[in-house]
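Whatever order the structure lists them in is the order used to number ligands and atoms, beginning at 1. In this chain, residues are counted from 1 in sequence order.
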Amino acid sequence: MLHPKNTEIYFELNTKAKIPALGLGTANEPEQIPQTKQAIKAAIKAGYRLIDTAWAYQCEDRIGEALREIFDEGVLKREDIFITTKVWPTHWDIASESIDRSLKNLGVDYVDLVLQHWPLCFNRVEDKNGVDGIVRNPTHEDGSPNINTEGDYLSTYKQLEKMYLNKDPRFKAIGVSNYPVEYLQRLLKECTVVPALNQVEIHPQLPQVELREFCQTHKIVLESYSPFGATGSPLNQNQRFQALAEKYSCTPNDILLAYNIRQGQVVVPRSVNPKNIVSNIEFVPLAKEDITFLTQYGLENPMRFRDEPFAESIPGFRENKN
Ligand SMILES: NC(=O)C1=CN([C@@H]2O[C@H](COP(=O)(O)OP(=O)(O)OC[C@H]3O[C@@H](n4cnc5c(N)ncnc54)[C@H](O)[C@@H]3O)[C@@H](O)[C@H]2O)C=CC1
Ligand SMILES: O=C1O[C@H](CO)[C@@H](O)[C@@H]1O
């Protein structure tokens with residue numbers, strides 16, 4: 001039987017725009033940032049049409065360089081690529097400035113989607129060695145996160161919503177990231193624009209069942225970050241995933257991507273290695289019963305791999321459960 005590649009699958013946002021099921025993640029390790037440009041070029045050549053980035057990743061300018069060269073070749077145009085960027089909590093009260101900065105870095109007039117990166121408000125601490133002169137993850141002397149306690153996390157989304165309703169030409173859709181059900185419930189009570197997408201950690205050991213049901217009901221696309229459990233995770237060593245890989249004659253990583261894509265969830269695996277970038281496009285027709293089996297395993301053995309210390313106050317982050 002012929003199957004598509006992951007790069008040929010698209011889902012629909014509540015704005016009616018199409019979003020590719022597979023994108024390239026770009027939260028590269030600091031020493032890998034210079035490799036971002038060649039990674040983007042390798043991904044686009046392999047058929048990727050979604051780039052997931054953020055001001056905080058410090059690589060938007062490298063993506064911009066790659067895109068300029070790609071567009072100069074004349075085969076692809078800006079509208080062929082779906083670009084997502086995000087507003088970091090240091091910019092919680094100046095979302096518009098953050099968008100300007102990202103567009104300048106990326107060298108484009110608009111992005112397809114802007115996400116609030118985390119439902120948190122950081123105090124802005126200046127430091128010439130920081131990102132654009134600002135400390136990315138500000139902490140107090142005791143190491144605890146330097147949160148602006150007067151700030152309301154929903155304020156960032158409300159700014160995005162206002163710009164969206166005013167038909168701001170700098171982005172096509174707005175969404176959130178790292179929002180648990182409780183926060184989405186509040187958002188839906190206080191805002192009129194339903195987020196197009198919520199980007200959270202999802203893989204078989206963090207199946208996010210409750211969030212998935214909520215997002216399905218409200219037509220919010222779920223997007224999986226860290227679909228492999230991030231760098232060094234033991235996920236692809238798991239015997240259950242290895243057994244399924246044998247059954248489908250693929251790799252355990254292919255199973256991990258299929259786990260999301262087969263449930264209608266966008267995935268943004270990260271790599272700067274052209275071989276891995278290409279191999280991640282392989283589609284696996286993972287059957288419903290295998291997805292159910294993996295979800296059940298995850299419910300019994302929950303594990304969050306991206307448990308950021310600053311996320312402590314967000315429901316669900318300090319417990320390894322969904
Ligand atoms: N919204 C948010 O707060 C977050 C968003 N993200 C986004 O999600 C993306 C992916 O998440 P990550 O945490 O980077 O983890 P990931 O689950 O994509 O894993 C990345 C690791 O897998 C390796 N890898 C990729 N393809 C492979 C292959 N075919 N074979 C073997 N190894 C392979 C990479 O070299 C890297 O070490 C990020 O780059 C970023 O764009 C990530 C974390 C948080
Ligand atoms: O998106 C993200 O990636 C980083 C790691 O660079 C994480 O803190 C953030 O949410």
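- Shown here is Glu150, whose CD atom has no more than 12 heavy atoms of other residues, nucleotides or ligands within 6.0 Å.
- When hydrogens are left out, the protein atom nearest atom 10 (O) of ligand 2 is Trp118 NE1, 2.8 Å; that is the closest non-hydrogen contact.
- At the top of the distance list for atom 3 (O) of ligand 2, counting protein heavy atoms only, stands Tyr57 CE2, 3.5 Å.
- Around atom CD of Glu126, no more than 12 heavy atoms belonging to other residues, nucleotides or ligands sit under 6.0 Å away.
- Taking hydrophobic clusters as Ile, Leu, Val, Met, Phe, Trp and Tyr residues chained together by side-chain heavy-atom distances below 4.5 Å, Ile19 does not share a cluster with Tyr10.
- Taking Ile, Leu, Val, Met, Phe, Trp and Tyr as members and joining any whose side-chain heavy atoms lie under 4.5 Å apart, directly or through other members, Val272 forms no hydrophobic cluster with any other residue.
- Partners of Ser144 by side chain to side chain donor-acceptor pair (under 3.5 Å), not counting sequence neighbours, listed by chain and number: Asp142.
- Counting protein heavy atoms only, atom 8 (O) of ligand 2 is closest to Glu308 OE2, 2.8 Å.
- Closest to atom 5 (C) of ligand 2 among all protein heavy atoms lies Arg306 NH1, 3.3 Å.
- Listed by chain and number, residues touching ligand 1 at under 4.0 Å (heavy atoms only) are Gly25, Thr26, Ala27, Asp52, Tyr57, His117, Trp118, Ser177, Asn178, Gln199, Tyr225, Ser226, Pro227, Phe228, Gly229, Ala230, Thr231, Asn253, Val268, Pro269, Arg270, Ser271, Asn276, Ser279, Asn280, Arg306.
- We find the CG-CD1 distance between Asn276 and Ile281 to be 12.5 Å, quoted to the nearest 0.5 Å.
- Within a 6.0 Å sphere centred on CD of Gln239, other residues, nucleotides and ligands contribute 12 heavy atoms or fewer.
- In this structure Tyr157 satisfies the ring-ring contact (aromatic ring centres under 6.0 Å, His included) test with no other residue, sequence neighbours excluded.
- Closest to atom 4 (C) of ligand 2, if we only count protein heavy atoms, is Arg136 NH2, 3.7 Å.
- Atom CD of Glu312 sits in a sparse spot, with 12 or fewer heavy atoms from other residues, nucleotides or ligands closer than 6.0 Å.
- What sits closest to atom 9 (C) of ligand 2 on the protein, heavy atoms only, is His117 NE2, 3.7 Å.
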